[in-house]
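Take a look at the structure set out below.
Letters A, B, ... mirror the listed sequences (proteins, then strands); counts begin at 1. Just so it is clear, the structure is predicted and the values come from calculations on it, not from any experiment.
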2 protein chains.
Amino acid sequence: MEDITKILFGLFLMFAAAKGMGELFERVKQPAVVGEILAGILLGPFVFNLVEPSHFYNVLAEIGVIILLFTVGLQTGVDELLLVGKTSLIVAILGVVFPFIFGYLYAQIISHKTVEAMFVGTAMVATSVGITARVLADLRILDAKVSKVILGAAVFDDIIGLIVLAIVTGLGKGAISYLKIGLVVFEAVAFVLFLIFIGKRVVPFVAPGLGTFKTRNAPFSLAILLCLGLSLVASYIDLAAIVGAFMAGMVLSGLNIEFRLSLKAESLYDFLVPFFFVVMGMHVDLSVFTQANIIGAALLLTLFAILGKLLGCGLGALSLGMGQASIVGVGMVPRGEVGMIIASIGLSMGAIGADLYSVVIFMVVATTILTPPVLRRMILKSDALKRVGEEMAEKAGAPE
Amino acid sequence: MEDITKILFGLFLMFAAAKGMGELFERVKQPAVVGEILAGILLGPFVFNLVEPSHFYNVLAEIGVIILLFTVGLQTGVDELLLVGKTSLIVAILGVVFPFIFGYLYAQIISHKTVEAMFVGTAMVATSVGITARVLADLRILDAKVSKVILGAAVFDDIIGLIVLAIVTGLGKGAISYLKIGLVVFEAVAFVLFLIFIGKRVVPFVAPGLGTFKTRNAPFSLAILLCLGLSLVASYIDLAAIVGAFMAGMVLSGLNIEFRLSLKAESLYDFLVPFFFVVMGMHVDLSVFTQANIIGAALLLTLFAILGKLLGCGLGALSLGMGQASIVGVGMVPRGEVGMIIASIGLSMGAIGADLYSVVIFMVVATTILTPPVLRRMILKSDALKRVGEEMAEKAGAPE
């Protein structure tokens, strides 16, 4: 019973701090999500040390980001995503190539070994779509074309990142299994294509049957079940669970209005999503920022990380025009837990040293916290996007 | 990453089994909650052993039952509860006295030691309000007077159970600290009275301010925050966390319609509550049922457990008339995790033996699974209650 008291204490503080800081940030016209991450930093071991990171909070955070991407998926139609598919794919590919080269160059400049350079390059590749998706959702512009391009690119990005990771860990171990890499690629591509097919053909066909269940709110429960199931499959084939959650939302997007799925998911979102960002903040290792000798290197890598996505993804999205392309570029800048995970794999394999690890962590934190305010400002300056947001806000307000 | 795959696997199976069995049970006109418990038994270690019980699932289940009681509290006004307060108190007191005496007598009949008899008596005392609240909520009769009496009695029951436990563990250790018992009683009573005061005086006063927040869905987030906070306080003063959650809901019940709190809490309910019942099922130790030599004793204790609450609580609620009084009596029959906890405290203190422990577990499981179908049938046979349910179902259906 003491254990549950302790966990409730943590949950209460985390939720209170997230909502309090979020409110504060919104009042000074900054994104709530940055407030939530800062709340986590404040509660975490490096500042007030009020909440001890725990396995339970980590898993709850993972469920939070699954719900976030599921909700985002619900508002992203399969057809609309296919429509921007080519642009997204180019954005994703260039958004992998440029940062990888930049990361590789950086490590060469600082004169690290080649294998270290490969790992830094890989850690530069993975976009943390949670941050950007949250900003897009808060500004209610998930319906805009630029949002679809970013979200589509994030899915491709995850698949490509997975391939790069398979190759680099192969290199790190001194041997590449082409069979394994082929299998990884095949599984990921088959998963996404299969779901797009299901979304277009099967879902509209079974939809009328959803009303025949006796369970209260059966369509919503089935939607959650699909979300959990596809997150599981994605996680099982070593894709991020959130890719599965996003695909589940997308598959069901055609039923969103009929069964009010987004609206029903909103309370789950409000309850669970803040834990993801608070926990992300709690894991930020602030001691990295006190090592004066690495600050210079860290700032340089951060600059490279920003330029890599900005140039790569921006170029990939040039067909949308300069203004929108730069929004896509900025939207792809944040690196998240995937960058950290790759860095820690490298560390545990002995492929990169502790100093380089700290530099990568610095880059991840900096890109994550810097992006939302910039992205928010750019979106609000675009008249077309602002209009989409206002229309959606009105629509969302209507059934309230 | 493998860890999250495993947890997602468990969550998916648990949710699928809960909803599947729930649907099946509703189709044969049985309560969904029994289906969910059976789903847990099937998935658990004693049947198919598909999901390993884990710390994460246990805490998630606890959050589930917190949400359940919070939702129930939202539909229970402070004034209405005070109106039935006297009846509830009598129901609670007689519902403690009768089962305690019956449990004590049972242990004396089977010729156990006095300290064993005391523990069995205590394990007989605590009502598992989750089961009954779920049946009442599913049939949408939380608004009926009989529901208020049961819920009020459950709160008192928890306080009295706490006092009895403090006394009996004191006896088990060979020394009673009157100071400690006094403190326990004072904290619990002060907590409940303070919240009733807050609910009546403070909440209506601060309510207009709730609209001034910038955060999306701020009133709902604040409601969740209060729920977490009061669950924490209740857990901290050794009351069950769910008493705090129920009180939080009750305190906010006056704002329920204005801010659509119940409606917004519904998806949290649909997602989280099933995990509570599935996990409850997973913890059922089926091996108890295979020990032929204790089945007779177990059936006798179960009979005493049912009669104790039926007579005690029924007598306490006689002012409602025989029909309603018997519904109150049946509604208070299920024992839950509290009974199990008391038995395991007794076991770990060496105050009761393994055979008696098994008998108590049998009684808890049997009363938990037998009650919902009987309660459901009695409610549906009562024309007045059936009408309340139909009216509420219509109201709930309207905003859909």
Problem set entry | Under the ring-ring contact (aromatic ring centres under 6.0 Å, His included) test, residues paired with Phe275(A) that sit two or more places apart |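 Partners of Phe275(A) by the ring-ring contact (aromatic ring centres under 6.0 Å, His included) criterion, ordered by chain and then number, come out as Phe15(A), Phe271(A).
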For this session: Please name all residues satisfying ring-ring contact (aromatic ring centres under 6.0 Å, His included) with Tyr236(B), sequence neighbours left out, ordered by chain then number.
Result: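 If we apply the ring-ring contact (aromatic ring centres under 6.0 Å, His included) test to Tyr236(B), skipping adjacent residues, there are no hits.
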For this session: Output all residues satisfying side-chain contact (heavy atoms from CB on, under 4.5 Å) with Ile237(A), sequence neighbours left out; order by chain, then residue number.
Result: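 Ile237(A) satisfies side-chain contact (heavy atoms from CB on, under 4.5 Å) with Glu187(A), Phe191(A), Leu239(A) only.
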For this session: Would you please go through residues 220-230 of chain A and name the residues with a non-hydrogen atom below 4.5 Å from one of chain B, in numerical order?
Result: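 Phe220(A), Ser221(A), Ile224(A), Leu225(A), Leu228(A), Gly229(A), listed by number.
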For this session: Taking atom CD of Glu52(A) as the centre, report whether more than 12 heavy atoms of other residues, nucleotides or ligands fall under 6.0 Å from it.
Result: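 No, because the 6.0 Å sphere around CD of Glu52(A) holds 12 heavy atoms or fewer from other groups.
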For this session: Tell me, yes or no, whether the heavy-atom count around Ile257(B) atom CD1, taken from other residues, nucleotides or ligands under 6.0 Å, exceeds 12.
Result: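 Atom CD1 in Ile257(B) is not packed in, count stays at 12 or less.
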Problem set entry | Residue part contacting chain B, namely of Ala32(A), when any heavy atom lies under 4.5 Å |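 For Ala32(A), neither part sits under 4.5 Å from chain B.
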Problem set entry | Part of Leu13(A) lying under 4.5 Å from any heavy atom of chain B |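 Neither; nothing under 4.5 Å.
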For this session: Heavy atoms only, distances under 4.5 angstrom: which of Leu11(B), Val59(B), Asn58(B) has the most pairs with chain A? Name it, please.
Result: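 Option with the top pair count is Val59(B).
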Exercise. Taking every heavy-atom pair that is under 4.5 Å apart, which of Ser54(B), Gly22(B), Ala16(B) has the most such pairs with chain A?
Worked result: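 Looking at each of Ser54(B), Gly22(B), Ala16(B) in turn, Ala16(B) comes out on top.
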For this session: Specify which of Asp138(A), Leu232(A), Ile66(A), Leu272(A) makes the most heavy-atom pairs with chain B at under 4.5 Å.
Result: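 Greatest number of close heavy-atom pairs with chain B: Leu232(A).
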Exercise. Picking from Lys214(A), Lys19(A), Arg27(A), which has the most non-hydrogen pairs under 4.5 angstrom with chain B?
Worked result: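 Of Lys214(A), Lys19(A), Arg27(A), Lys214(A) has the most heavy-atom pairs under 4.5 Å with chain B.
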Exercise. Is a donor on one side and an acceptor on the other found under 3.5 Å between the side chain of Glu23(B) and the backbone of Phe213(A)?
Worked result: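 Not at all, since once roles are kept as given, no pair shorter than 3.5 Å links the two residues.
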Exercise. Does Ser267(A) reach the main-chain N or O of Lys264(B) with its side chain, forming a donor-acceptor pair under 3.5 Å?
Worked result: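 At least one qualifying donor-acceptor pair exists.
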Exercise. Which heavy atom in Asp3(B) sits nearest to a heavy atom in His55(A), and how many Å separate them?
Worked result: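 For Asp3(B) versus His55(A), the nearest heavy atoms are OD2-NE2, 2.8 Å.
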Exercise. So, for Ile4(A) and Ser235(B), which heavy atoms are closest and what is the spacing to 0.1 Å?
Worked result: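 It is CG2-OG, 3.8 Å.
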Problem set entry | Phe56(B) side chain near Ile63(A) side chain, heavy-atom distance below 4.5 Å |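 Heavy-atom side-chain distance check passes, below 4.5 Å.
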Exercise. How about Arg216(B) and Glu266(A): do any of their side-chain heavy atoms sit closer than 4.5 Å?
Worked result: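 Yes, their side chains come closer than 4.5 Å.
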